[in-house]
Amino acid sequence: MISSLSLRPAALRARPSTRARASARSMATARAASRPATARRAPAAVRASRRERSHNVTWETRTFGVTALAIAAGFLLAVMYLGQITGVSANDYEMQRLEARRAELQRQSALLDVQLAKLETPARIEAQAGRLGLLRLSHVPVMSAQELAARK
Amino acid sequence: MTVSHTRLRVLFAFFAIASLLLAGKLAYWQTAMRAELLGPALGQVRSDEVVAARRGEIRDRNGAILATTVELRSLYAIPSRITDKPAAARHLGVLLGRDPRPILAKLESGLEWTFIHRRLPEATAEAIAALGVPGLGFETETARMYPNETIAAHLLGFVNDEGVGQYGVEAAYDDHLRGTPGRLVVERDSRDRALPVGLREAIPSRNGADLTLTIDLVIQTAAERELRLAMEREKATSGCIVVLDPADGSLLALASAPSFDPSAVAVTDLEVLRDRCVAWTYEPGSTMKGVTVAAALERGLVTPATSYNDVGFAIIGGRRLNNALGRAWGPTTVTQVLERSANAGAVFVGSKLGADRLHESLRTFGFGQRSGVDLSGEQSGSLRPLAEWYPVDVGTAAFGQGLTVTPLQLASAYAAFANGGVLHRPYVVASRRDADGEHRTAPVAVRRVISAETARTMRSMLTSTVDNGLAKNASLQAFSVAGKTGTAQIPDRSGSYESDEYISSFAGFAPAHDPRFVAVVVLERPQSRLLGTVTATSAFRGLALDALRTARVQPDRAP
């Protein structure tokens with residue numbers, strides 16, 4: 001990402017060509033002429049001072065500024081990337097925790113199924129019935145539909 | 001401040017050389033030593049695991065669980081982390097119900113890591129976890145559970161420590177039940193968690209198929225109960241009960257004794273593992289008379305009313321074959337041959353058939369060959385080739401001696417009487433469900449062995465055997481029952497028969513004219529000798545009551 005930022009144009013921009021400067025000045029003069037009188041507040045001396053200060057910024061300073069900006073941008077991007085990765089990791093760990101929880105619940109559910117099957121075993125129910133003193137019927141009377149109707 | 005150019009150059013040279021050295025060393029480790037470093041580095045973070053496939057469940061025809069696989073917690077210890085070992089061993093001894101001394105010995109053995117107890121009951125694991133002893137931990141391990149304990153143990157079989165099915169359905173369907181394990185290659189952190197942005201290659205496991213059996217747990221339980229009671233009453237050495245649906249040959253119950261607990265097989269005797277219903281043969285005795293009579297009826301050689309004069313014995317091939325207790329019955333019809341279980345009568349009918357037709361009929365009914373049931377270890381029984389038969393063999397085979405059968409073969413033959421004359425291949429797995437869907441087992445009609453008319457006649461004759469004959473004890477109050485008792489001698493190694501030792505059996509079905517089930521009860525060496533058949537018929541009666549009640553069958557007789 002950092003490598004995509006070019007430092008060269010900044011250094012070059014600090015020293016525009018004579019022709020370009022003349023053109024810029026003439027354009028500035030034209031713009032100033034077209035402005036209303038109320039907008040022309042700054043005296044000519046102040047403007048000259050500003051121009052001079054601007055011309056006094058060296059290429060080292062500009063390079064330093066651009067580099068610092070690039071480093072800051074890179075750092076910001078790195079922080080954002082790390083934040084994203086950390087988020088993904090945190091989510092993944094949470095997912096693993098939930099998966100483990102789901103597996104544990106499934107394990108316990110299977111154990112409960114087995115326990116239920118044990119409790120429903122006919123042999124166990126028979127044994128419990130025997131303990132309660134219940135006896136097995138030797139004959140189950142079955143009534144036909146006609147017999148039922150006749151009784152009603 | 002000014003710095004001399006010489007110093008600057010020296011400094012530059014120093015850093016340049018140092019950088020070159022570092023770069024060289026880095027290049028060396030990254031290229032020449034790459035393989036040596038990469039292996040251990042990956043080994044620290046990468047785990048290559050086998051993902052076990054879940055073994056399929058086995059359920060009965062109503063969905064009750066017969067066998068399933070669960071994960072249980074196994075207790076391990078890292079002894080160096082346990083500060084008070086005697087106290088820990090004492091607590092564990094109480095919770096595990098074990099002597100604490102071996103536990104303490106393990107904790108003081110100097111091992112870095114050791115199992116204390118594997119596959120704990122969940123409640124015990126919870127109680128141990130609640131102790132909060134540092135250095136104790138759990139690891140889950142799979143365990144095959146059989147909620148009905150010894151019920152249907154032979155039918156189901158078991159799974160050995162390697163996870164391979166042994167005996168019964170577990171062995172016969174092991175390939176389907178086992179599934180295919182998967183593989184997971186993953187990078188893990190120091191806490192054994194998968195790295196979120198690390199390597200993850202997975203080949204998913206394919207779980208085993210779930211099986212639904214034709215077995216009815218209620219009938220199976222009734223069969224086991226009746227067999228246990230009969231065994232206790234007779235102090236028999238072994239016994240079995242086969243119950244099948246005559247309509248399609250599906251097995252409803254398969255009980256064998258002595259039994260075992262499939263989840264604790266390591267402590268049982270190997271002979272106990274033998275399924276007496278399919279992997280054990282015996283001389284069937286008089287239950288075979290039904291087959292002999294059916295064969296003769298089918299060929300029109302006799303009718304139920306055909307009679308002969310019973311003098312208490314028959315002579316065939318120069319040998320005298322006696323009735324039980326030498327009793328002479330006088331004029332006897334073929335129906336009465338079954339009612340009285342007259343050996344001389346069976347010889348009479350067998351003689352009418354002749355050796356070749358009797359032998360052919362026995363083969364047609366499936367004797368001397370495996371039935372093809374989908375269980376492991378099935379025996380074929382023995383029926384010597386016709387060329388090896390002596391003349392007397394026609395007589396002895398006619399009443400069930402000189403040949404051996406499995407109880408399942410006999411039940412299949414009687415099922416042919418019950419269903420109108422068709423021999424079905426018995427089967428126990430109704431359907432198999434896997435990732436591809438459900439695969440149902442189609443019943444297989446092997447062949448027609450007798451006509452529907454002959455089958456109807458046999459049902460009437462066998463009903464008369466129960467109503468008027470020696471099998472009276474098998475009769476039910478509100479249902480018609482058809483069947484035949486059998487008392488067989490036990491051959492010894494010398495080729496003769498053991499004196500006063502028998503195998504008692506009963507083969508029958510109910511309701512007689514629209515049978516819902518066929519059952520064969522066999523007791524080996526009953527204490528009451530010749531009266532062992534009374535106990536066998538009692539077992540049939542108890543079983544029939546439960547089976548008919550469970551199937552909500554309407555009574556066909558006035559009580």
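Convention: sequence-line order gives letters A, B, ...; per-chain numbering from 1.
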Contact origin within B:A64 toward chain A - heavy atom pairs under 4.5 Å: neither
Give each N or O donor-acceptor pair spanning chain A and chain B at a distance under 3.5 Å, with atom names and distance to 0.1 Å, or state none.
from   : atom 1 : to     : atom 2 : distance (Å)
A:Y93  : OH     : B:D189 : OD2    : 3.1
A:Q96  : OE1    : B:A194 : N      : 3.1
A:Q96  : NE2    : B:A194 : O      : 2.6
A:R107 : NH1    : B:E71  : O      : 2.9
A:R107 : NH1    : B:E122 : OE1    : 3.2
A:R107 : NH2    : B:E122 : OE1    : 3.4
A:R107 : NH2    : B:E122 : OE2    : 2.7
A:T121 : OG1    : B:N148 : OD1    : 3.2
A:E126 : OE1    : B:R225 : NH1    : 3.3
A:E126 : OE2    : B:R225 : NH1    : 2.8
A:R136 : NH1    : B:D546 : OD1    : 2.6
A:R136 : NH1    : B:D546 : OD2    : 3.1
A:L137 : O      : B:R549 : NH2    : 2.9

Pair count under 4.5 Å, heavy atoms only, with chain A: among B:G542, B:A222, B:P147, highest is B:P147
Among B:I151, B:I219, B:L217, side-chain contact (heavy atoms from CB on, under 4.5 Å) partner for A:P122: B:L217
Report the residues that fulfil side-chain contact (heavy atoms from CB on, under 4.5 Å) with A:L134, sequence neighbours left out, ordered by chain and then residue number. A:A129, A:L132
Within a radius of less than 6.0 Å around CZ of A:F64, do more than 12 heavy atoms belonging to other residues, nucleotides or ligands occur? no
Heavy-atom distances under 4.5 Å only: say whether B:L548 touches chain A with side chain, backbone, both or neither. neither
Contact class of B:L545 relative to chain A, heavy atoms under 4.5 angstrom: side chain
Side chain proximity check, B:I65 to A:L116, heavy atoms < 4.5 angstrom: no
